[in-house]
Amino acid sequence: MAAGTVNRFRVAVDIGGTFTDIALLTDAGLIHQSKISSTPADPSVAVIEGVGQLLAELSIAPEAIAEVLHGTTVGSNTILQRKGARTGLITTRGFRDVLEIGRIRMPDMFDLTWDKPKPLVPRRHRLEVTERMAADGQMVEPLSEASVIAAGQALVAEDIEAVAIAFINSYRNPVHELQAEAILKAKFPQLLVTTSCAVLPEMKEYERTSTTVVNAYLLAAMRNYLQKLESGLRGIGVAAPILVMTSNGGMLAAGVTCEKPVLVVASGPAGGVIGAARLGIARDDRDVIVFDMGGTTAKAVIIEDGQPSMTSEYEFRDGMSTSSRFIKAGGYMLKVPAIDIAEVGAGGGSLASIDHGGLLRVGPESAGADPGPACYGLGNTRPTVTDANVVLGYISATALAGGQLPIDKDKAARAITTHIAEPLGITLAEAAHGIRAVANAAMGRAVRAVTVERGRDPRDLALVAMGGNGGIHAIDLARQLGIGRVIVPPLSGVFSAVGMLAADIEHTHLRTILVPLGDVTASDLASWMEALADDIRARLARDGYSGERVELIWQADLRHEGQATELTVAFPSGAEARRSMRERFLAEYLKTYGYRDETAIELVKIRLIGRGLRAQRLDFAAMHVTERAAGNGSGSRAVSFGRDQSFTDTPILTRASIDGKARPGPLIIDEFDATIVVPPDAKVSRDAIGNIVMDIAGAP
């Protein structure tokens, strides 16, 4: 491809636990892909090297890059590894222990071994000041500047780097928080300061305080990372602006992300979900389950009517992370807009072991990118899910990623034999199937969390599989859940990066109302909506979006009077807004909980999502994909499709060799970025867009 500045290119990069995935989009809708091993010590190294290598391979001048879209795990990894800034909290007198009191709940009331997560701010670094606002925003007690200065001095003496400010009822009147922020910045300029009124101007003290603390905790790490990334990209000649994928599937400028890193904690998987939603619309399949299995974790999301299920809060935690309203207090509360993702520590690199009770377990500990699974030959001798797949023949026994990553099947077999098969007194194949079965069971929990727990039947939906390992486990997972169809999109192994190319700039503003819906007048509602719309349009205008390139989406959070949890529904603007709110809330309540409640309805919040529609957004119906050689050729290899089945000589094909006519399994589809397993009881075909479609025999 000729270099030059006439053509403009978009690059999307997704950092995974094992690989960093890169997708490049041309003006003509052509997508190129690449994979490079992640660099956990400094994730920006892999991004810079990977982008540089792809540009050199395609002979594209760095200055021809118009945008760099990025999904990052910096926020989530910083929390998991407890490597955030030394953080302090300044709060209203009497509210020092809000973080520990929380919601006075535990994720499993019968688990006597459960340990409550330690607050990101120890009690000695949570300081009180004199001030008070009433619930209606009226000042009860003025802010004592002396107490703020004293708190700042005490925190600086403890080498605190970042400070969160969260005062009671500041969502109604933020003046005291703004005053405290100004004082701290003037007296202690070395401190990174964040206020709850800037991060989360909503009711509920624990949720608002926790979210603000997480934001402060991440400020230094996110700023340092994005500055290093920007500098590194400029070093290779790429001066394009960086846009970061948010937890709710939108894009934000890097500068905004540096101020509100809490918005991108779940950035990593969001790109793939948005891509799956757009892909479903393109193939007229608007209701699907997204299953994303990478090297470290597996995620599940439900998409209905072309839109991902969203949540206004979730808990970030070790193990299974989900926004489930039935599982609370297991992690750090983030009350921010996010795609409703359930995540488990079951990826290709998840380690298998025998626990103290003599039972096989898989994850959540992962071999990651360094040293990776035993078959990588980089020093790990413990078995992983990937090693099991290599032993069973699902994955090539020689190399992955077009030959870039050599595979040593003997080392995989040795690891499983030593740590699993011999201790349990079973064969190598039985041990490998056992590892897969345990991993599949964990992933089934994630799918049930976003379907059954939401009142949805997974048997009514298709499963869209992505990630480097999604196509290997998708059929087993679908069979376990009674799902009859599996769809594996083009570039499935780098699909989170591809999905970012279909995303838009997105900002969310809200207003807390807290009045009975029946008391809301049309004029009041119109006034509130007009104010929010003016703010959003001004924000998008600063990003360069106006007129027809602006899309406004209205949502309302409602609940029955006396309840503590809201449901979010979309509603149209105009004269029918209030009636639509009521009807959609009652329908969603029935779908979620299975019954109707005749209690009066309360309008808690109205929310406006403003989207800046990017000029060159990927159109899945018109995209073209450059095929990269899988590096393994064609032919066949011995594969075991079940614990009670012997190894079968199975054809190895490419995606391009599959056409629109249904073809029976068994067969393996090897690609540069992923592998797709078609077992004997499935039929496979390829649709007009290029998706691999598998139908399971006997499924409902």
Side-chain angles (χ1 to χ4, degrees), residues 74-107 113-131 144 146-168 170 177 180-181 183-185 187-200 204-224 260-262 265 313-319 321 328-336:
V74 168
S76 57
N77 288 342
T78 298
I79 299 174
L80 284 175
Q81 298 167 10
R82 307 297 188 270
K83 291 185 177 180
R86 284 176 59 83
T87 305
L89 170 65
I90 296 178
T91 189
T92 307
R93 195 169 305 282
F95 288 83
R96 184 182 186 184
D97 296 316
V98 161
L99 288 180
E100 286 170 315
I101 295 171
R103 288 171 164 170
I104 322 179
R105 295 181 68 178
M106 57 190 295
T113 66
W114 176 70
D115 291 323
K116 192 171 187 176
K118 293 182 179 180
L120 296 177
V121 181
R123 195 171 192 272
R124 66 182 181 278
H125 296 154
R126 303 197 298 263
L127 305 182
E128 300 174 337
V129 298
T130 300
E131 72 85 36
S144 167
S147 66
V148 175
I149 294 172
Q153 290 172 335
L155 293 174
V156 168
E158 290 287 322
D159 296 323
I160 293 299
E161 303 168 285
V163 176
I165 302 174
F167 293 160
I168 181 72
S170 63
E177 284 194 357
E181 179 185 26
I183 293 168
L184 290 177
K185 287 184 174 179
K187 298 288 185 180
F188 313 101
Q190 69 271 40
L191 292 175
L192 296 173
V193 182
T194 187
T195 61
S196 77
C197 63
V199 175
L200 185 68
K204 298 185 179 179
E205 296 310 306
Y206 163 63
E207 290 82 352
R208 184 159 50 84
T209 302
S210 176
T211 304
T212 308
V213 164
V214 171
N215 196 75
Y217 187 76
L218 297 176
L219 278 173
M222 188 61 69
R223 289 181 181 183
N224 291 339
K260 296 183 180 180
V262 73
V265 170
E313 66 174 45
Y314 67 101
E315 289 184 337
F316 187 84
R317 56 188 292 189
D318 295 331
S321 180
K328 294 296 181 185
Y332 301 106
M333 172 59 66
L334 285 75
K335 193 169 177 58
V336 294

Salt bridge (charged side-chain N to carboxylate O under 4.0 Å, His left out) between Glu100 and Lys118, intermediate numbers included | CA-CA 8 Å; Glu100 286 170 315; Lys118 293 182 179 180; over 6 Å; no
Verdict with reasoning, Lys335 to Glu207, per salt bridge (charged side-chain N to carboxylate O under 4.0 Å, His left out) = CA-CA 6 Å; Lys335 193 169 177 58; Glu207 290 82 352; over 6 Å; no
Show your reasoning for whether side chain to side chain donor-acceptor pair (under 3.5 Å) applies to Ser170 and Arg208.
-> CA-CA 10 Å; Ser170 63; Arg208 184 159 50 84; 2.7 Å; yes
For side chain to side chain contact (heavy atoms under 4.5 Å, CB included), just list the numbers for Leu184 and Ile165, CA-CA rounded to whole Å, side-chain angles, deciding distance to a tenth of an Å, and then say yes or no.
-> CA-CA 10 Å; Leu184 290 177; Ile165 302 174; 3.8 Å; yes
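Not one N or O on the side chain of Arg93 forms a donor-acceptor pair closer than 3.5 Å with the backbone of Glu131. Side-chain N or O atoms of Asn224 include one that pairs as donor or acceptor with a backbone N or O of Ala220 at under 3.5 Å.
You'll find the side chain of Asp97 reaches within 4.5 Å of the side chain of Arg126, heavy atoms only. Using a 4.5 Å heavy-atom cutoff, the side chains of Thr212 and Thr194 are in contact. Looking at heavy atoms from C-beta onward, Ile168 lies in side-chain contact with Phe95 at the 4.5 angstrom threshold. Residues Leu155 and Leu127 have side chains in contact (heavy-atom distance under 4.5 Å, counting atoms from C-beta outward). In this structure the side chain of Phe167 reaches within 4.5 angstrom of the side chain of Val129, judged on heavy atoms. At a threshold of 4.5 Å between non-hydrogen side-chain atoms, the residues Leu334 and Glu315 do not count as touching. For the pair Val121/Tyr217, no side-chain contact is recorded, criterion being any heavy-atom separation below 4.5 Å from C-beta on. Residues Val163 and Leu192 have side chains not in contact (no heavy-atom distance under 4.5 Å, counting atoms from C-beta outward).
Side-chain contact, Glu177 with Ser196: a donor N or O sits under 3.5 Å from an acceptor N or O.
Residues Thr87 and Val213 share a closest heavy-atom pair of CG2-O, 4.4 Å. In this structure, Ala221 and Val74 approach most closely via the heavy-atom pair O-CG1, 4.2 Å. Val336 approaches Tyr314 most closely through the heavy-atom pair CG2-CE2, 4.0 Å. Residues Gly75 and Leu218 come closest through the heavy atom pair O-CD2, 3.5 Å. Shown here for Leu99 and Ser210, the closest heavy-atom pair between the two residues is CD2-CA, 3.7 Å.
Between the CD atom in Glu161 and the CG atom in Leu219 there is a gap of 11.0 Å [rounded to 0.5 Å]. A distance of 8.5 Å separates OG in Ser144 from CD1 in Ile149, rounded to the nearest 0.5 Å. Here the CZ-NE2 distance, from Arg86 to His125, works out to 5.0 Å after rounding to the nearest 0.5 Å. A distance of 4.0 Å separates CD of Glu313 from CE of Met333, quoted to the nearest 0.5 Å. Expressed to the nearest 0.5 Å, how far CD1 of Ile79 lies from CG of Leu120 amounts to 6.5 Å. Residue Glu128 holds its CD atom at 7.5 Å from OG1 of Thr91, rounded to the nearest 0.5 Å.
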